[in-house]
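Below is one structure; the comments refer to it alone.
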Amino acid sequence: MQIQDVFSRYRDDLIQVEQTMEGNLCSEINIIPEIIQHLIGGGGKRFRPLILLASSELCGYGGDKRFPMAAVIE
C-alpha cells in the first residue's frame with residue numbers, strides 16, 4: 001500500500017476537516033482567520049489530520065467529533 005492509497009481512502013474525511021477549518025474562520029481576534037486561510041490555502045499534505053482520522057478508525061471511532069479534533073491538530 002502506498003501513501004496515496006491512504007490519502008484516497010480518507011479523501012472525503014479530509015475534505016470534512018477542511019470544511020470544519022473554514023467554519024471556524026470567524027473570530028474577534030483578527031489573526032485567527034488569517035492563520036486558518038493560510039493553512040487551508042497552503043494545501044499542505046494534511047499528515048497530522050490523516051493520522052488522527054486513521055487512528056480513530058483503528059480504535060473503532062467513526063463519529064463526527066474526529067473532524068474538529070483533526071482541524072485543531074492541523
Side-chain angles (χ1 to χ4, degrees):
M1 177 178 275
Q2 302 290 323
I3 189 65
Q4 285 310 111
D5 298 328
V6 178
F7 273 105
S8 293
R9 164 72 178 85
Y10 291 97
R11 182 180 59 85
D12 292 339
D13 290 345
L14 289 168
I15 289 170
Q16 182 67 36
V17 171
E18 288 196 8
Q19 290 173 347
T20 300
M21 290 169 62
E22 289 173 356
N24 290 303
L25 283 174
C26 298
S27 175
E28 294 178 12
I29 303 169
N30 293 334
I31 191 76
I32 301 295
E34 291 179 35
I35 291 170
I36 294 172
Q37 278 295 82
H38 176 73
L39 289 172
I40 294 170
K45 295 177 185 74
R46 307 286 190 251
F47 279 119
R48 289 175 291 254
L50 178 66
I51 290 169
L52 182 130
L53 295 169
S55 297
S56 66
E57 184 176 353
L58 288 170
C59 292
Y61 182 73
D64 289 339
K65 290 182 180 179
R66 60 198 163 121
F67 301 122
M69 184 58 72
V72 167
I73 287 174
E74 184 61 16

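The analysis underlying the following values was restricted to heavy atoms, covering all of them including side chains, and did not include hydrogens, waters or symmetry mates. If you're wondering where the values come from, they're calculated on a predicted model, not measured in any experiment.
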Looking at every non-hydrogen atom in both residues, tell me the closest pair between Val17 and Pro49 and how far apart they are.
CG1-CB, 4.3 Å

Measure across Thr20 and Ala71 and return the closest heavy-atom pair with its distance rounded to 0.1 Å.
CG2-CB, 4.0 Å

Would you mind reporting whether [Y] and [X] have side-chain heavy atoms less than 4.5 Å apart?
X	Y	result
Leu52	Met69	yes
Ile73	Ile51	no
Asp12	Gln16	no
Glu18	Glu74	no

Rounded at 0.5 Å granularity, tell me how far [atom1] in [X] sits from [atom2] in [Y].
X	Y	atom1	atom2	answer
Phe67	Leu14	CZ	CG	9.0 Å
His38	Ile31	NE2	CD1	10.5 Å
Asp13	Asp64	CG	CG	9.5 Å

Are [X] and [Y] linked, directly or through other ILVMFWY residues, by side chains that come within less than 4.5 angstrom of each other?
X	Y	answer
Ile15	Val72	no
Tyr61	Leu50	no
Met1	Leu58	no

Arg9: partners by side-chain hydrogen bond (donor to acceptor under 3.5 Å, both in side chains), with sequence neighbours left out
Glu57

Can you tell me if CD1 on Ile29 sees more than 12 non-hydrogen neighbours from other groups inside 6.0 Å?
no

